[in-house]
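Worksheet: one structure, shown below.
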Amino acid sequence: KAGVTQTPRYLIKTRGQQVTLSCSPISGHRSVSWYQQTPGQGLQFLFEYFSETQRNKGNFPGRFSGRQFSNSRSEMNVSTLELGDSALYLCASSLMSRGNSPLHFGNGTRLTVT
Amino acid sequence: TQLLEQSPQFLSIQEGENLTVYCNSSSVFSSLQWYRQEPGEGPVLLVTVVTGGEVKKLKRLTFQFGDARKDSSLHITAAQPGDTGLYLCAGLTSGTYKYIFGTGTRLKVLA
């Protein structure tokens with residue numbers, strides 16, 4: 001069974017630009033969550049989607065948005081990039097929503113904002 | 001704001017030594033998970049504990065959930081270089097169903 005796939009693995013952007021990250025969950029998993037990982041703040045929850053609906057949201061500004069498609073694939077968008085957005089963005093899929101099944105993480109997209 | 005504090009932050013030990021990592025919070029969690037993350041990869045789930053006082057063993061790793069479901073510990077017996085990595089605890093909040101991740105413990109086991 002293929003794991004969670006995130007693309008691209010690495011991305012370099014300039015302040016003010018926008019970026020879209022992609023996540024393909026494990027086949028059959030309907031929940032996709034996004035996390036930001038930085039050395040200073042650790043892993044922080046961005047949002048969770050289940051069956052194309054946002055189920056949960058973390059404490060990030062509106063510049064961070066996401067969506068989920070009918071095939072459960074998800075995308076995350078960050079607009080007007082800031083230097084502080086440089087981080088590893090991790091996607092995790094699970095069978096069910098609301099913590100009823102374990103998280104399976106992808107290997108992340110490392111975003112560098114210059 | 002719910003926080004999960006892990007201690008120690010960094011640990012460098014010799015192969016064969018024992019160690020314990022702690023994960024503490026003032027909040028009650030529905031369940032708690034432990035993950036290990038290696039460089040360039042995402043976290044991989046090690047265990048989920050649900051009941052207060054629960055103890056689970058995974059080969060040389062022993063996990064315990066506190067009686068009040070506010071804290072947890074991970075004990076590794078006879079550590080090996082393959083145990084090297086970033087260990088993360090994650091608590092599932094009641095009601096909001098969000099995972100709160102701990103601050104992480106970076107373990108290095110020297111051969």
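Note: hydrogens, waters and symmetry copies are ignored here, and every other heavy atom, side chains too, is used. In what follows, chains are A, B, ... by sequence order, proteins preceding strands, each numbered from 1.
- Between B/Arg36 and B/Leu86, the closest side-chain pair of non-hydrogen atoms is not below 4.5 Å.
- Apart from B/Val44 itself, the hydrophobic cluster it occupies contains nothing, where clustering links Ile, Leu, Val, Met, Phe, Trp and Tyr at side-chain heavy-atom distances under 4.5 Å.
- Of the residues A/Ser94, A/Ser24, A/Ser93, the one that meets the side-chain hydrogen bond (donor to acceptor under 3.5 Å, both in side chains) test with A/His29 is A/Ser93.
- Using a 4.5 Å cut-off on side-chain heavy atoms (C-beta onward), B/Lys98 and A/Lys57 make no contact.
- Of the two parts of A/Gln37, only the side chain, counted from C-beta on, holds a non-hydrogen atom closer than 4.5 Å to a non-hydrogen atom of chain B.
- A salt bridge is defined here as a Lys NZ or Arg NE, NH1 or NH2 lying under 4.0 Å from an Asp or Glu carboxylate O, and A/Arg63 with A/Glu82 meets this definition.
- Residue contact with chain B, scored on non-hydrogen atoms closer than 4.5 Å, involves the side chain of A/Arg9 exclusively.
- B/Leu107 places a side-chain heavy atom less than 4.5 Å from the side chain of B/Tyr87.
- Comparing B/Pro43, B/Gly42, B/Gly104 by heavy-atom pairs within less than 4.5 Å of chain A, the highest count is held by B/Pro43.
- Only the side chain of A/Leu90 has a heavy atom closer than 4.5 Å to any heavy atom of chain B.
- Interface with chain A: from residues 64-83 of chain B, no residue qualifies, criterion being any non-hydrogen pair under 4.5 Å.
- Chaining together hydrophobic side chains whose heavy atoms lie under 4.5 Å apart places A/Val32 alongside A/Leu11, A/Val19, A/Leu21, A/Trp34, A/Leu46, A/Phe47, A/Tyr49, A/Phe60, A/Phe64, A/Met76, A/Val78, A/Leu81, A/Leu83, A/Tyr89, A/Leu111, A/Val113.
- Looking at residues two or more places apart in sequence or on another chain, you find a side chain to side chain contact (heavy atoms under 4.5 Å, CB included) between B/Val47 and B/Trp34, B/Lys56, B/Phe63.
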